[in-house]
Amino acid sequence: MQIPSLVSSDRFRLLNWITSRRSARIILPFALILLCGSTLPAQQASDETAIDKHTVQLLMERIDQLEARVRQLEADKLQAGAESTTTAPGFLAARRVDPLESTLPVQPSPDGIKQPQVSAGTPASPAQSEQSHQEDAMSERMDLSRTLLRIRGFGDVNLHGDTHKGDTTSFSLGQLDLFITSDISEKFKFLSEIVFEAGPDTIYGVTRGQANIFTTDIERYFMQYSPNDYVTISAGRVHTAIGFYNTAYHHSTWFQTTTDRPFLFNFEDRGGILPVHTVGVSVSGLIPSGRLGLHYIAEVANGRESRAPLQEEPVANVVDEENHKGINLALFARPEAFRGLQVGFSVYRDGLEPPSSRGVEETIMAVHAVITRPTFEWLNEGVVIRHSLIGQSKAYNTPGFYTQVSRQYGLFRPYFRYQYVNVAKTEPIFPDVGLRHGPSAGIRYDVDEFVALKFQYDYTFLRQQPGINSLSLQLGFTF
């Protein structure tokens, strides 16, 4: 006598489930023994037959439960995948960008391809940075139907008033910055910044244009090739690696502590006297130096336009006024023994040909020593701009420096800055700038992870003019 076998439909249902699920490797041996039990000899007792029937019933109920669980997990997985495609990139939860962010995508680099690091309470200094999206980028590359383009936005709204004759207290719209990146492949990356801004341009101390008209500028636009940590090649329009500030803070006030940049590093169309932007080729990377953390940057690019005519764009985006090119070399160290410390220098060489002279040789030497930590920063930079008249022994040296210190207390960050620039009246390129120096003091309040409110007071001493008091209130944000 044999034990009654399973009903045929139940047997096939159990077998199909076992062989179609990932749990087959666990359940299959047990199930085969159970199914084979239908051919056992008649010496099995009748009470064991009842037990086998009860066991089969329990297994069938468990199968139903597991199938329901699998359907639920698959639904959750689909929902999570849909949400991940609409989640904003998390790399901008940090405020300060690493100084190398624009030239080194694999490590901290000067053009913002690597993502900033997140610090407690306040965003920390490019960047940091884009490691959190490597897996997403890889999955996007595997799926050609999905775009690799990522867009991030920055903006600010300001209220400003000062005692300068002719100025009025006004609300103003700051730059609207669209930060666009794309991982074309593991070694090739693209970055651009498209900025919309209102107000007249101020070039070398001279104002031009209308006050309330919006203009569009492509501030950065380059391709990067990075085969390893020691060589990264960038081609396009980048921020020149002069000093620290210019490659650490780009076109977003939300990243920086203060409401504005130090005057020395103002953009060319906002009164700046340095070639902040350049169009050409840059090579950068690590220097094998152990715990010293040496980095190098070498740039060859179009030189900036001379003073006249003032209607010209200061950055040579398409045509250089000279055949020879501007050259910039920079070296800096980040020693592991001193957390947050960076020291370095750069030398920039170019030739200018203003109509009023036979030619000017331009040399810009910059040094910096900075400490940037999540709750503390101390920035110090000095620059000398030397203009030598070709064929003459006459040379003009323009010194400038700033020092800035801040400390984080919860959501509040008070700060202080002192800056100085002294341009001679007979300087051949930007004599209108003159002498200006003075203190700035303010406080930053991080209202939200992506919103910052800043209040700042400035006093500016001018040569042979009354000093200027000014107050600024700024709302900076990213989206």
Side-chain angles (χ1 to χ4, degrees), residues 99-100 102-103 110 203-205 237-250 261-284 295-307 314-316 320-322 324-332 342-354 357 359-370 379-390 394-403 419-424 426-437:
L100 278 181
S102 61
T103 59
I203 301 176
Y204 300 148
R237 173 166 165 150
V238 301
H239 280 172
T240 314
I242 296 177
F244 168 81
Y245 204 96
N246 197 43
T247 55
Y249 303 95
H250 301 288
R261 297 165 68 92
F263 176 79
L264 195 60
F265 289 96
N266 267 353
F267 298 121
E268 296 92 339
D269 58 358
R270 288 298 179 263
I273 60 176
L274 293 176
V276 172
H277 298 86
T278 190
V279 177
V281 177
S282 172
V283 181
S284 60
H295 299 72
Y296 73 91
I297 303 174
E299 298 172 320
V300 179
N302 293 338
R304 63 171 168 179
E305 296 294 321
S306 303
R307 171 183 170 85
V315 183
D320 192 356
E321 68 179 13
E322 286 293 329
H324 60 262
K325 301 303 168 191
I327 298 175
N328 185 56
L329 300 175
L331 182 72
F332 64 90
Q342 177 177 313
V343 294
F345 69 91
S346 63
V347 179
Y348 177 92
R349 289 276 296 174
D350 191 17
L352 306 177
E353 287 197 359
S357 68
V360 176
E361 291 184 351
E362 181 177 62
T363 303
I364 303 174
M365 295 168 286
V367 296
H368 69 271
V370 303
L379 313 180
N380 302 276
E381 294 196 71
V383 174
V384 174
I385 305 173
R386 182 179 177 84
H387 288 149
S388 303
L389 301 180
I390 297 177
K394 184 68 174 178
Y396 299 87
N397 294 316
T398 298
F401 73 88
Y402 79 91
T403 182
Q419 54 187 341
Y420 174 92
V421 174
N422 189 3
V423 180
T426 55
E427 220 282 345
I429 305 300
F430 35 72
D432 299 287
V433 174
L435 169 68
R436 58 180 63 199
H437 63 97

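Since the model is a prediction, treat every value here as computed from it, not as a measurement.
Within the 3.5 Å criterion, the main-chain N or O of A241 finds a donor-acceptor partner in the side chain of E299. In this structure, the side chain of R261 engages the main chain of Y249 through a donor-acceptor pair within 3.5 Å. Side-chain N or O atoms of N246 include one that pairs as donor or acceptor with a backbone N or O of V276 at under 3.5 Å. Side-chain N or O atoms of N328 include none that pairs as donor or acceptor with a backbone N or O of S346 at under 3.5 Å.
Taking the six-membered ring for Trp, H295 and F332 have ring centres closer than 6.0 Å.
The minimum heavy-atom distance between S282 and I297, with the atom names listed, is OG-CG2, 3.9 Å. The two residues V423 and P431 make their nearest non-hydrogen contact at CG1-CA, 4.3 Å.
Going from atom CD1 of I385 over to atom CD1 of I273 covers 4.0 Å, rounded to the nearest 0.5 Å.
Between H277 and H239, the ring-plane angle classifies as perpendicular under the 30° and 60° cut-offs.
For the residue pair N397 and R386, a side-chain donor N or O sits within less than 3.5 Å of a side-chain acceptor on the partner.
A heavy-atom distance below 4.5 Å is found between the side chains of E361 and R349.
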For this session: With side chain to side chain contact (heavy atoms under 4.5 Å, CB included) as the test, would you mind laying out the steps for L264 and Y245 before giving the verdict?
Result: CA-CA 10 Å; L264 195 60; Y245 204 96; over 6 Å; no

